Amino acid sequence: MWLLPHAQKQLTIQPFHFEFPRYKAIRRLTGALNSVDSPTIRFTTNKIRQTAINMASERYNAREAEARWQKTWDKAEVFKTSNSDQRPKYYVLEMFPYPSGRIHMGHVRNYAMGDVVARYRRARGFNVLHPMGWDAFGMPAENAAIQNNVHPSEWTYQNIAAMRDQLKIMGLSLDWSREFATCDVAYYKQQQKLFVDFLEAGLVYRKKSKVNWDPVDMTVLANEQVIDGCGWRSGAPVEQRELTQWFFNISEHAPDLLEALDGLDRWPEKVRLMQKNWIGRSEGLTVRFEFETTAPDGSDTLEIFTTRPDTLFGASFMALSPDHPLSAAIAKTNPDLTAFIEECRRIGTSVAAIETAEKKGYDTGLKVKHPVNEGQTLPVYVANFVLMDYGTGAIFGCPAHDQRDLDFANKYALPVTPVVLPENGDAASFKIDQEAYTGEGRIINSDFLDGMSIADAKETIAVRLESVQIGGSPQAERQINYKLRDWGISRQRYWGCPIPVIHCEACGTVPVPKQELPVELPNDINFDKPGNPLDRHPTWKHCACPACGKEATRETDTMDTFVDSSWYFTRFTAPDLEDPTDKNVADHWLPVDQYIGGIEHAILHLLYSRFFTRAMQITGHVGMKEPFKGLFTQGMVTHETYRDADGQWITPADLRIEEGSGIRQAFRLDTGAEVSIGSIEKMSKSKKNTVDPTDIIDTYGADTARFFMLSDSPPERDVIWTEEGVQGAFRFVQRVWRLVDDAVESMPPLDTPQPETFSENVLALRRTTHKTLDAVSNDLEKLAFNRAVARMYELVNSIGKAGKPTSDDGAWALREAIETLVQIMAPMMPHLAEECWQKLGQNSLLATSDWPQVEKDLLIENTIILPVQVNGKKRAELSIARDATKEQVEAAALELEAIVRILDGNAPRKVIVVPQRIVNVVA
RNA sequence: GCGGGCGUGGCGGAAUUGGUAGACGCAAGGGACUUAAAAUCCCUCGGCCUAUGGCUGUGCGGGUUCGAGUCCCGCCGCCCGCACCA
């Protein structure tokens with residue numbers, strides 16, 4: 001039986017409380033006494049020894065050692081990074097945390113990985129920048145303010161203090177001197193300067209747009225905060241409102257943001273693909289259809305966008321978005337249409353609504369002429385499935401080859417004419433009923449397009465329509481459309497960066513002059529009413545117009561918090577500067593060489609940052625457009641879930657697990673009642689399957705927690721947090737400690753020169769050492785932490801198997817092996833490594849030491865073992881000189897007893913020798 | 001619906017990218033030490049068989065190859081992202 005950490009702490013003595021030397025003395029004594037042949041003495045010594053072991057004092061005292069080394073590093077300022085350093089630079093960054101109150105295991109995993117990279121690169125001779133900060137603006141602080149009557153600022157800074165302490169006990173090699181929070185006035189002041197620059201450069205603009213409006217909380221909600229059409233907090237039905245909002249013109253950069261993805265070759269393919277889909281490029285044609293009679297809004301043509309102009313002959317109707325200007329114009333004099341449009345808006349565009357909503361339309365009575373099919377007219381509908389913000393907000397419907405159009409046509413009894421015939425299809429009998437055909441084929445029923453492929457038909461119809469003039473311009477134009485829309489950054493909230501703009505009746509929108517920045521958030525606010533406290537503050541928004549001096553009002557919206565996180569990595573390069581950046585310094589450090597974070601930011605944060613860096617380049621703040629050269633997305637931390645008989649979630653700390661003969665059962669600690677063990681899920685507060693990092697570090701130490709997070713699971717995949725796994729890591733920590741402790745006695749002094757020769761078995765240990773070093777180096781380069789961990793286990797096993805040295809060269813090789821082990825484990829378990837390093841007699845700090853050198857000669861064996869196959873099945877092994885010729889290998893293989901037996905006197909048909917790999921005998 | 005990924009022991013996962021499948025860890029079983037427990041150390045651990053050997057085995061079915069977990073074709077299953085995008 002084992003107990004989960006919380007319970008364990010209550011029931012057992014902490015292993016770290018006892019001093020090592022005391023135990024060592026006892027062990028020496030009992031060792032001597034044990035040799036005496038007397039049952040009484042043996043019994044007594046056993047008692048003494050047990051007591052000593054029970055004191056657990058043999059163990060490495062992580063708690064004491066970790067605090068000590070953290071202090072040492074701190075004092076020596078070994079992680080403080082200078083901007084003027086001759087060594088090559090390396091910028092490693094983990095996505096900065098939101099200060100919610102406590103760190104969670106996801107943070108531990110993220111920062112453990114980043115720290116390994118930082119420490120490894122440092123040892124490899126790079127000048128490493130590894131900073132930390134806080135993504136500190138946002139709604140939770142306001143919610144806390146409302147619920148607990150605490151100022152958002154106070155709540156946030158308290159959380160930051162608590163979380164900083166938690167991070168510090170992890171022993172991360174961070175340059176804390178560069179720390180800042182995005183809610184620091186000094187930071188958002190610079191962000192406001194950037195905003196003003198962007199405004200002048202035309203990168204920001206203001207327009208009316210539809211937003212989700214919560215009428216109870218009186219605020220805009222993000223799409224994610226609208227649940228089943230209601231506000232997530234208030235529960236009130238969300239309204240669609242037209243509000244004037246600030247936008248970044250990210251969509252103008254869509255082509256570049258898309259193309260540049262190809263150059264991000266150190267990004268996960270998956271993330272690049274997600275961004276590609278999000279940007280959503282499609283090539284097509286805008287086509288203008290002539291109305292039979294002029295439309296109510298005075299227009300003579302209706303412009304649509306299509307990617308399938310090849311199906312034009314299959315058109316049977318036109319459809320407008322309910323938000324199309326023409327829809328509104330017709331609705332003015334048409335109450336039925338007004339009602340229909342209202343209904344469409346009510347249903348909204350939530351996921352649930354889209355899945356269940358029927359395709360519906362309203363026939364406006366208008367008709368357009370078919371552009372190429374002489375004499376055909378098409379009815380114009382307003383349809384609920386047409387989006388205003390894509391293409392032109394109007395489409396032509398081709399029911400045979402588009403499922404939505406088919407559903408619509410079936411409902412309103414519109415004609416369905418197939419114009420693409422599948423290969424091997426029969427034109428006479430090909431009918432479309434309930435399922436549209438969207439595949440490849442030959443064009444039919446399409447006059448001059450008949451018989452063409454889809455691609456040829458697209459080109460032909462485009463050329464034809466481009467040559468037709470309507471009202472002085474071509475009827476059709478080729479166009480590239482993007483799904484990416486401009487980034488609306490206005491938030492009707494207090495806890496965000498104020499948008500530095502003043503509204504003046506005479507002068508319009510005037511940016512706050514840079515010398516008057518920052519526009520600071522007022523402190524005297526209250527949350528007793530819903531809505532934006534900035535808006536109802538008695539004095540804050542009233543000011544003089546910077547242009548004319550007359551009375552004016554401040555913008556009371558604040559910026560989306562994604563703006564804050566779109567350039568923090570740049571600010572780290574010069575965190576105290578009185579300008580947003582020092583361009584030279586920023587250009588020195590950027591792009592970030594290795595960025596590490598969760599996949600959940602694959603689109604928003606990473607796309608916004610890419611845009612923002614471009615904007616900063618345009619306004620002269622940085623010299624590049626891509627901020628992150630290498631990106632790594634780590635997996636989540638998961639844990640078993642537990643529920644009691646009532647279905648209540650139970651947290652792991654409140655129960656104990658019993659295990660035996662393959663049966664695992666969980667019981668509540670308080671009542672003893674059995675609890676059912678459920679599926680493995682992402683650690684979350686709602687399922688209570690979280691484990692507190694501080695508990696783990698208290699019990700096992702930071703090195704154990706870090707090491708476990710990096711073991712077993714590949715870093716990009718989810719890792720399952722298990723108590724057994726942590727204990728495995730803890731055992732390894734202790735094992736290394738014992739190994740070093742035992743070995744020190746049989747080691748030569750520090751600067752003993754390397755022996756001239758080594759005996760064969762000593763050489764074997766040296767080979768293992770250098771092979772491990774080589775492999776771990778490669779694994780760390782590729783962030784394959786789990787593989788590196790396995791290699792370290794192997795080396796420890798090998799050193800253990802080698803046993804105590806019996807010769808000088810053996811002793812020397814032992815020191816080499818152990819020093820190497822300590823050095824390669826240092827990035828993962830820095831405290832233990834320093835402790836061992838010191839124990840080995842080293843005076844330097846391992847944190848500032850160089851990575852050991854691989855002796856390439858030792859990677860090559862003189863004698864190798866080749867597997868020998870017969871017909872692809874391994875039958876024997878052949879030990880042979882590495883540089884043996886193919887002929888020699890073949891001859892030796894055929895002489896092997898096992899091979900001779902199998903061949904049974906017959907000559908092999910063929911022998912394949914792959915040098916230094918394998919031998920395959922074809923019988 | 002569209003796009004992408006993944007299927008290897010009881011479990012997490014290795015496998016030099018076509019060359020000894022199961023490294024390393026976890027769990028389990030056995031043993032040593034101990035009055036006992038804990039800790040530690042040693043052994044076993046894909047399956048089957050007539051067991052110092054042999055057969056079989058990487059989701060299923062085929063193919064290419066001297067040789068396939070890896071490549072190709074066709075299925076099955078799971079996971080993720082996007083989604084009324086014309």
Side-chain angles (χ1 to χ4, degrees), chain A residues 12 15 43 46-47 49-50 53-54 56 58-59 269-271 273-274 276-278 280 282 284 304-308 311 319 321 349 351 353-355 357 359 383-387 389-398 401-405 407-408 436 438 481-483 485 599 602-603 659-662 664 708 711-714 717-720 722-729 731-732 734-735 738 775 778 784 786-794 796-797 800 865-877 898 908-914 916-923:
Chain A
T12 62
F43 179 78
N46 278 334
K47 272 286 177 205
R49 172 179 274 190
Q50 282 152 28
I53 293 172
N54 286 344
E58 186 179 15
R59 295 181 170 192
E269 190 54 42
K270 183 182 172 147
V271 173
L273 208 88
M274 280 166 75
K276 192 179 161 195
N277 291 338
W278 185 263
S282 56
I304 59 97
F305 175 71
T306 180
T307 56
R308 292 294 304 273
T311 64
S321 164
T349 52
V351 175
I354 288 163
E355 267 171 13
K359 304 285 170 280
N384 64 351
F385 64 91
V386 181
L387 304 172
D389 45 20
Y390 187 75
T392 64
I395 60 161
F396 82 80
C398 175
H401 306 291
D402 183 294
Q403 192 58 45
R404 290 157 313 170
D405 295 351
D407 293 346
F408 190 84
T438 55
N481 253 312
Y482 295 90
K483 288 188 215 170
R485 283 179 260 155
I599 186 79
I603 294 172
E659 196 158 13
S661 328
R664 293 184 73 232
F708 174 59
S711 315
D712 290 346
S713 290
R717 266 189 243 176
D718 291 353
V719 64
I720 306 169
T722 64
E723 196 68 16
E724 293 91 337
V726 188
Q727 285 174 350
R731 270 200 296 275
F732 185 71
Q734 298 300 342
R735 197 169 155 206
R738 254 183 288 127
N778 289 331
N786 57 321
R787 291 199 306 215
V789 166
R791 296 293 192 169
M792 291 178 208
Y793 272 104
E794 279 175 334
V796 168
N797 289 344
I865 293 171
L866 287 181
V868 181
Q869 296 180 333
V870 177
N871 296 332
K873 280 179 187 158
K874 187 194 161 194
R875 296 295 167 175
E877 280 180 347
R909 252 190 279 168
K910 198 175 171 188
V911 178
I912 290 141
V913 177
V914 184
Q916 288 151 48
R917 270 284 151 78
I918 203 161
V919 180
N920 193 13
V921 179
V922 185

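The analysis underlying the following values was restricted to heavy atoms, covering all of them including side chains, and did not include hydrogens, waters or symmetry mates. A quick note: this is a predicted structure, and the numbers were derived from the prediction, not measured.
Residue A/K270 places no side-chain atom within donor-acceptor reach of the base of B/C80, judged by atom type and a 3.5 Å distance cut-off alone. Side chain A/R917 to base B/U16: a donor-acceptor pair is found below 3.5 Å.
As judged by a 4.0 angstrom heavy-atom cut-off over every strand, A/D389 is placed among residues making no nucleic acid contact. Within the nucleic acid shown, A/G728 comes within 4.0 Å of sugar-phosphate atoms alone, with no base atom in reach, counting heavy atoms only. In this structure, A/T438 reaches neither bases nor backbone, as no heavy-atom distance under 4.0 Å exists between it and the strands shown. As judged by a 4.0 angstrom heavy-atom cut-off over every strand, A/E269 is placed among residues making no nucleic acid contact. Contacts of A/T306 with the nucleic acid, taken as non-hydrogen atoms under 4.0 Å apart, involve only primed sugar atoms and P, OP1 or OP2. Across all strands, A/V386 comes closer than 4.0 Å to base atoms (heavy-atom distances). Residue contacts for A/R909: at a heavy-atom cut-off of 4.0 Å it reaches no nucleic acid atom on any strand shown. No engagement by A/K276 is indicated, since no non-hydrogen atom pair under 4.0 Å with the nucleic acid exists. Using a 4.0 Å heavy-atom distance criterion, A/F305 is classed as a base contact. Across all strands shown, A/V922 has heavy atoms under 4.0 Å from sugar-phosphate atoms exclusively, and none from any base.
Taking atom CD of A/E794 as the reference point, atom C1' of B/C24 lies 6 Å away to the nearest angstrom. In this structure, A/R738 atom CZ and B/U40 atom C1' are separated by 6 Å, rounded to whole Å. In this entry the distance linking CG of A/N871 with C1' of B/U65 reads 13 Å, nearest Å. Rounded to an integer number of Å, the gap from A/K874 NZ to B/C66 C1' is 18 Å. In this structure, A/M274 atom CE and B/G5 atom C1' are separated by 12 Å, rounded to whole Å. If you take NE2 of A/H401 and C1' of B/C2, they are 19 Å apart, rounded to a whole angstrom. Remark: P of B/G12 and CG of A/D712 are 11 Å apart, rounded to the nearest angstrom. B/A14 atom P lies 13 Å from atom CZ of A/R791, rounded to whole Å.
Closest contact between the side chain of A/N920 and the listed nucleotides B/C82, B/C26, B/G67 involves B/G67. Comparing B/C85, B/G19, B/G3 by their nearest atom to the side chain of A/K483 picks out B/C85. When distances are taken from the side chain of A/L273 to each of B/A27, B/G4, B/G13, the shortest belongs to B/G4. Proximity note for A/A790 (side chain, C-beta onward) versus B/C26, B/A23, B/A14: the nearest is B/A23. Comparing B/G19, B/C84, B/C85 by their closest approach to the side chain of A/K359 singles out B/C84. Picking from B/A86, B/A27, B/C55 the nucleotide with the shortest atom distance to the side chain of A/S282 gives B/A86. When the nucleotides B/C85, B/G19, B/G13 are ranked by their closest atom to the side chain of A/I912, B/G19 comes out on top.
Across all strands shown, the partner of B/C6 is B/G77, judged by Watson-Crick or G-U wobble contacts whose two distances both fall under 3.5 Å. As the counterpart of B/A28, B/U44 is assigned, both hydrogen-bonding distances of the Watson-Crick or G-U wobble pattern falling under 3.5 Å. With a cut-off of 3.5 Å on both pairing distances, the Watson-Crick or G-U wobble partner of B/G1 is B/C82. Base pairing annotation: B/G53 forms a Watson-Crick or G-U wobble pair with B/C49, both donor-acceptor distances under 3.5 Å. Here B/A21 sits opposite no nucleotide as a Watson-Crick or G-U wobble pair (both hydrogen-bonding atom distances under 3.5 Å).
Taking 90° from 0 as the syn/anti boundary, the base of B/G9 is oriented syn. Taking syn as a glycosidic angle within 90° of 0, B/A37 does not qualify and is anti. Glycosidic conformation at B/U17 (O4'-C1'-N9-C4 for purines, O4'-C1'-N1-C2 for pyrimidines): syn, within 90° of 0.
Side-chain N/O atoms of A/R404 include none lying less than 4.0 angstrom from OP1 or OP2 on B/G1. Here A/R787 reaches the OP1 or OP2 of B/A15: one of its side-chain N or O atoms lies under 4.0 Å away. Contact annotation: A/N481 does not reach the phosphate of B/A86 (side-chain N/O to OP1 or OP2, under 4.0 Å). For A/N797 and B/G25, the shortest distance from a side-chain N or O to OP1 or OP2 is below 4.0 Å. For A/Y390, a side-chain nitrogen or oxygen approaches OP1 or OP2 of B/A86 to under 4.0 Å.
Although no hydrogens or angles enter the test, the distance criterion places a donor-acceptor pair under 3.5 Å between the side chain of A/N920 and the main chain of A/G872.
Residues A/V719 and A/D712 have side chains not in contact (no heavy-atom distance under 4.5 Å, counting atoms from C-beta outward).
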- request: Walk me through it: do A/N797 and A/R735 pass the test side chain to side chain donor-acceptor pair (under 3.5 Å)?
  value: CA-CA 10 Å; A/N797 289 344; A/R735 197 169 155 206; 2.5 Å; yes
query: Does the side chain to side chain contact (heavy atoms under 4.5 Å, CB included) test come out yes or no for A/M792 and A/E794, once each step is laid out?
result: CA-CA 5 Å; A/M792 291 178 208; A/E794 279 175 334; over 6 Å; no
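Nearest-nucleotide mapping onto RNA chain B: of A/K910 and A/D405, the residue sitting toward the 5' end is A/K910. The 5' end of RNA chain B is approached more closely, in terms of each residue's nearest nucleotide, by A/R717 than by the other of A/I395 and A/R717.
Between A/K359 atom NZ and A/R404 atom CZ the span is 7.5 Å, to the nearest 0.5 Å. With rounding to the nearest 0.5 angstrom, the CG atom of A/D402 is 12.0 Å from the CZ atom of A/F408.
B/U58 and B/U70: their C1' atoms are spaced 10 Å apart (whole Å). Using atom P as the reference point in both B/G10 and B/G63, the two lie 28 Å apart (nearest Å). Comparing B/A39 with B/A32, their C1' atoms sit 14 Å apart, to the nearest whole Å. Using C1' as the reference atom, B/G18 and B/U64 are 12 Å apart when rounded to the nearest Å. A gap of 26 Å separates the C1' atoms of B/C43 and B/U35, to the nearest Å.
A/A436 and A/Q403 make their closest contact through N-OE1, 2.9 Å (heavy atoms, listed as atom of the first residue, atom of the second, distance). Residue A/Y390 comes nearest to A/S282 through the heavy atom pair OH-OG, 2.5 Å, listed as atom of the first residue, atom of the second, then distance.
Classified by interplanar angle (parallel below 30°, tilted 30° to 60°, perpendicular above 60°), the ring pair A/F732/A/Y793 is tilted.
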